[in-house]
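In what follows, a single structure is set out as structure tokens and then discussed.
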Amino acid sequence: MTVRTRFAPSPTGYLHIGGVRTALFNWLFARAHGGQFILRIDDTDQQRNVQEALQPILDGFRWLGLDWDEGADVGGPYGPYYQSQRLDRYQAAVQTLLAQGCAYWDYATAEELKAEMEAAEKEKRPKIYSRRWMAETDADRARFEAEGRTGSVRVKMPREGECRIVDRIRGEVVVPWSGEQDTVIQRSDGTVTYNLANVVDDCDMRITHVIRAEEHLSNTPRQIFLLEALGFPRPEYAHVPFVAEPGSKNKLSKRKIANYLKNAEFKKVYDHAHAITAKLGLETTPESFNPVLVDFYKTVGYLPDAVLNYLVLLGWSAGDRETFTRQDMIALFTLEGVNKSPASLDVQKLLAFQERYFQALPLEQKVERVLPFLLQAGFTVESEVVRQIVEAAGPRLKVAGDILDYSEFFLPDEQVPYDEKALDKHVRKSPGADWVTGLRSLLAAAKPFDAPTLQAQVEEFIAAQSAKPRPVSQTLRVLVTGKEVGFGTYETLAILGRERCLARIDRAITIV
RNA sequence: GGCCCUGUCGUCUAGAGGCCUAGGACACCACCCUUUCAAGGUGGGGACCGGGGUUCGAAUCCCCGCAGGGUCACCA
């Protein structure tokens, strides 16, 4: 039998990193077994702009390179893959369940139900519906409806015995049926709920392995009851731990971003990325631009492979090894290697992976990654120059967007901002001030105008002045870049070229 | 509260009774390198939730606690 796994996002407008991790495990398992990975859309809660809210999710998957064999956009033999288009299938299932006595029409009002649940809470009993407003016959239905009540359909769960789940990650889990609520499967407006739709879809789409987050473990007995009542085959289950908050065991939530930002390490990574969006002129709010969402990483120039590599290790491991290509992951992935306990999102470690991956990229590819950011920031650039700059920047570029830290190379000479403090320290005051003219003529005469020559000549200058190398180099740097940090001074000079260096020094002199 | 799940450095984890004086990675600290900033190199601190068993021997097996989490929706 071919392995078939699925991931079923709701069109919410964003791709949650925890969801991606679960999707990744599904994808890996399918790929590892030569099976199919299906992307189904859970849009029973019919919102208006499904397509619009879905797009960012599909884009995220494509960016990460998690391809799907069937589902949204691509179709397939077991469709439709949108729940909103499968209503008739669900209705049929509800009818079957009703006919078999595994479900019943219920006429309890919201208030009545609430009262029951509160009483149960008070008496410390399991919250189980009494079935007091259950309609067993058509006559009952008519009577309730005459009272002006509207009916919903509930599952009639067993009240005795137990449900045994064999979970590939957790082992055998035994749950007494008596604690399972008669959940609503069809709302009073006729639409169906998640548990029912899920079971029907998984069966129709021939899903063999249900790999999902552990918060669904408690839904599983209910789903098993439904699926057996419907005569469907039982898939294998694997409940993976959820992704937890930074430094806690609570489930990661997009909405708690303000809280996470209080964590210094988390904030550091957020600020780093935020600085890039600021330079791009992008409007962001913590709500939309958020390390909990995949788009965050895409926007500032992380590499999908780095994100994936970090993510796969969040709850899964293969010994001490940490670096995996996609092929490695596929070859090595097993459900048994998935951990049972929740893992917290550590964005700093994700950045560490990104740094490694980005550094390992050949120069040409770094340039390719960096170019869009320069263009987006409005610079007109020559790729040969960019190549030199990226090379000189070396490990200073952690994400592609970091190139914008070095905008002084791309700005016209007359627009380079000078950092006042740097100017004070290295150019206005002695000894820096005493060297400006000398350094200028040195640059005017140097031949050839390349890093080794410049270095040699400046060193001669340093010796002649009986100066220390450090301050001289800093004075030069500030003169041509306006900043006291950057990459090698001589490389910087060489990249800018004689003309631009001289123009900048002349301008610095007028500013001073 | 009922039911279920989980518990190794701050974080991700290795660990399937002796290879454990508990290993690796990120982070942190120190030093080295260095024209700034990065990067790099070397070193350091840092954990088996607790208590009982079983065993010659337990992080690993069993029991009892404790702690954390999930779930109990006409959300998915």
Side-chain angles (χ1 to χ4, degrees), chain A residues 8-10 12 42-45 83 106 108 110 113 117 120-128 150 152-154 165 167 169-170 173-176 178-181 183-195 197-198 213-222 239 241-242 244 246-251 265 268 310 313-323 339-353 355 359 393-398 402 405 422 426 455 458-459 462 468-478 481 483-490 492:
Chain A
S10 298
T12 50
D42 267 15
D43 59 347
T44 40
D45 224 22
Q83 289 191 332
D106 181 63
L113 205 66
M117 293 311 131
E121 173 93 64
K122 228 183 205 165
E123 293 161 36
K124 302 179 177 179
R125 282 186 285 113
K127 295 180 191 168
I128 298 298
T150 45
S152 59
V153 178
R154 288 179 182 274
I165 304 164
D167 189 283
I169 293 168
R170 270 146 230 283
V173 178
V174 180
V175 183
S178 59
E180 295 301 309
Q181 179 66 293
T183 17
V184 169
I185 52 174
Q186 184 179 86
R187 302 183 185 98
S188 38
D189 66 2
T191 59
V192 299
T193 58
Y194 166 76
N195 284 294
N198 201 268
E214 78 173 284
E215 59 258 39
H216 292 289
L217 184 56
S218 356
N219 289 328
T220 309
R222 251 191 303 261
H239 287 92
F242 55 82
S248 118
K249 293 295 175 205
N250 293 320
K251 197 166 85 174
E265 297 181 346
K268 206 168 137 193
Y310 170 74
L313 254 11
L314 206 56
W316 173 82
S317 68
D320 273 345
R321 184 166 167 195
E322 287 223 308
T323 310
N339 283 301
K340 295 183 177 122
S341 53
S344 328
L345 177 70
D346 180 349
V347 288
Q348 224 166 17
K349 186 151 184 173
L350 201 172
L351 218 208
F353 274 98
E355 284 181 52
Q359 280 189 47
R396 275 164 277 240
L397 299 183
K398 297 178 171 161
D402 282 336
D405 281 343
H426 300 286
Q455 175 157 9
V458 173
E459 274 163 7
I462 289 166
K468 295 229 169 92
R470 217 169 85 137
V472 175
S473 150
Q474 284 299 79
T475 298
L476 254 179
R477 181 197 311 283
V478 173
T481 66
K483 304 194 302 196
E484 53 181 350
V485 298
F487 21 90
T489 304
Y490 309 106
T492 303

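All chains are named by letter (A, B, ...) in the order of the sequence lines, taking the proteins before the strands, and each is independently numbered beginning at 1.
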At 4.0 Å (heavy atoms only), tell me whether [X] reaches a base, stays on the sugar-phosphate, or touches nothing.
| X | answer |
| --- | --- |
| K349(A) | base |
| P471(A) | nothing |
| V458(A) | nothing |
| S344(A) | sugar-phosphate |
| E322(A) | base |

Provide the distance between the two [atom1] atoms, one in [N] and one in [M], to the nearest whole Å.
| N | M | atom1 | result |
| --- | --- | --- | --- |
| G65(B) | C26(B) | P | 41 Å |
| A58(B) | C19(B) | P | 11 Å |
| U8(B) | A16(B) | C1' | 15 Å |
| A25(B) | G41(B) | P | 11 Å |
| A76(B) | C72(B) | C1' | 15 Å |
| G46(B) | U21(B) | C1' | 15 Å |
| G7(B) | C48(B) | C1' | 10 Å |
| C31(B) | A38(B) | P | 15 Å |

For [N], give the paired nucleotide (Watson-Crick: N1-N3 plus N6-O4 or O6-N4; G-U: N1-O2 and O6-N3; both under 3.5 Å), or none.
| N | answer |
| --- | --- |
| U55(B) | none |
| G46(B) | none |
| A22(B) | none |
| C3(B) | G70(B) |
| U35(B) | none |

Nearest whole Å is fine: how far is [N] [atom2] from [X] [atom1]?
| X | N | atom1 | atom2 | value |
| --- | --- | --- | --- | --- |
| E121(A) | G1(B) | CD | P | 9 Å |
| L350(A) | A25(B) | CG | P | 18 Å |
| R170(A) | U6(B) | CZ | P | 6 Å |
| M117(A) | G2(B) | CE | C1' | 12 Å |
| L217(A) | G2(B) | CG | P | 19 Å |
| K268(A) | U11(B) | NZ | C1' | 14 Å |
| K122(A) | G1(B) | NZ | P | 17 Å |
| N198(A) | A76(B) | CG | P | 10 Å |

For this session: Spell out protein contact along nucleotides 67-72 of chain B as letters: B when the base is contacted, S when just the sugar-phosphate is, - when no protein heavy atom is under 4.0 Å; keep the 5' to 3' order.
Result: -SSSSS
For this session: Quick one, give me the B/S/- string for nucleotides 30-50 of chain B, reading 5' to 3', where B means a protein heavy atom under 4.0 Å from the base and S means that only happens at the primed atoms, P, OP1 or OP2.
Result: -----BBBBS-----------
For this session: Would you mind telling me which of C3(B), A27(B), A76(B) lies closest to the side-chain atoms of Q83(A)?
Result: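 Nucleotide nearest to Q83(A)'s side chain: A76(B).
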Problem set entry | Among A14(B), C26(B), C28(B), the nucleotide that comes nearest once only the side chain of A352(A) is considered |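 The nucleotide sitting nearest to the side chain is C26(B).
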Is the shortest side-chain N/O distance from [X] to OP1 or OP2 of [N] below 4.0 Å?
| X | N | result |
| --- | --- | --- |
| R154(A) | C74(B) | yes |
| T193(A) | C74(B) | no |
| N339(A) | A14(B) | yes |

Exercise. Would you say the side-chain atoms of R477(A) pair up with the backbone N or O of F487(A), donor to acceptor, closer than 3.5 Å?
Worked result: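 Judged by distance alone, yes, a pair lies under 3.5 Å.
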Problem set entry | Exam field: side chain N339(A) to backbone S341(A), donor-acceptor pair closer than 3.5 Å |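 No, the answer is negative, given that no donor and acceptor are paired below the 3.5 Å cut-off.
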Spacing of [X] atom [atom1] and [Y] atom [atom2] [to the nearest 0.5 Å]:
| X | Y | atom1 | atom2 | value |
| --- | --- | --- | --- | --- |
| H239(A) | H216(A) | NE2 | NE2 | 7.5 Å |
| K398(A) | D405(A) | NZ | CG | 10.0 Å |
| L217(A) | F242(A) | CG | CZ | 12.0 Å |
| K249(A) | K251(A) | NZ | NZ | 15.5 Å |
| E355(A) | R396(A) | CD | CZ | 13.0 Å |
| E180(A) | S218(A) | CD | OG | 8.0 Å |

Exercise. Please walk me through it: do L351(A) and Y310(A) pass side-chain contact (heavy atoms from CB on, under 4.5 Å)?
Worked result: CA-CA 9 Å; L351(A) 218 208; Y310(A) 170 74; over 6 Å; no
For this session: Would you kindly compare A8(A) and D320(A) by the position of their nearest RNA chain B nucleotide and give the one closer to the 5′ end?
Result: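 Going by which nucleotide is closer to the 5' end, it is D320(A).
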Exercise. RNA chain B: A108(A) or K340(A), which has the more 5' nearest nucleotide?
Worked result: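 Comparing both residues, the 5'-ward one is K340(A).
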Problem set entry | Results of side-chain hydrogen bond (donor to acceptor under 3.5 Å, both in side chains) for N195(A) - residues two or more places apart only |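 Per chain and number, N195(A) pairs via side-chain hydrogen bond (donor to acceptor under 3.5 Å, both in side chains) with Q223(A).
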For this session: Give a yes or no on this: more than 12 heavy atoms of other residues, nucleotides or ligands lie within 6.0 Å of atom NZ of K483(A).
Result: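 Atom NZ in K483(A) is packed in, count exceeds 12.
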Exercise. Has R470(A) got more than 12 heavy atoms of other residues, nucleotides or ligands less than 6.0 Å from its CZ?
Worked result: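 No, CZ of R470(A) has 12 or fewer neighbouring heavy atoms, counting only those of other groups under 6.0 Å.
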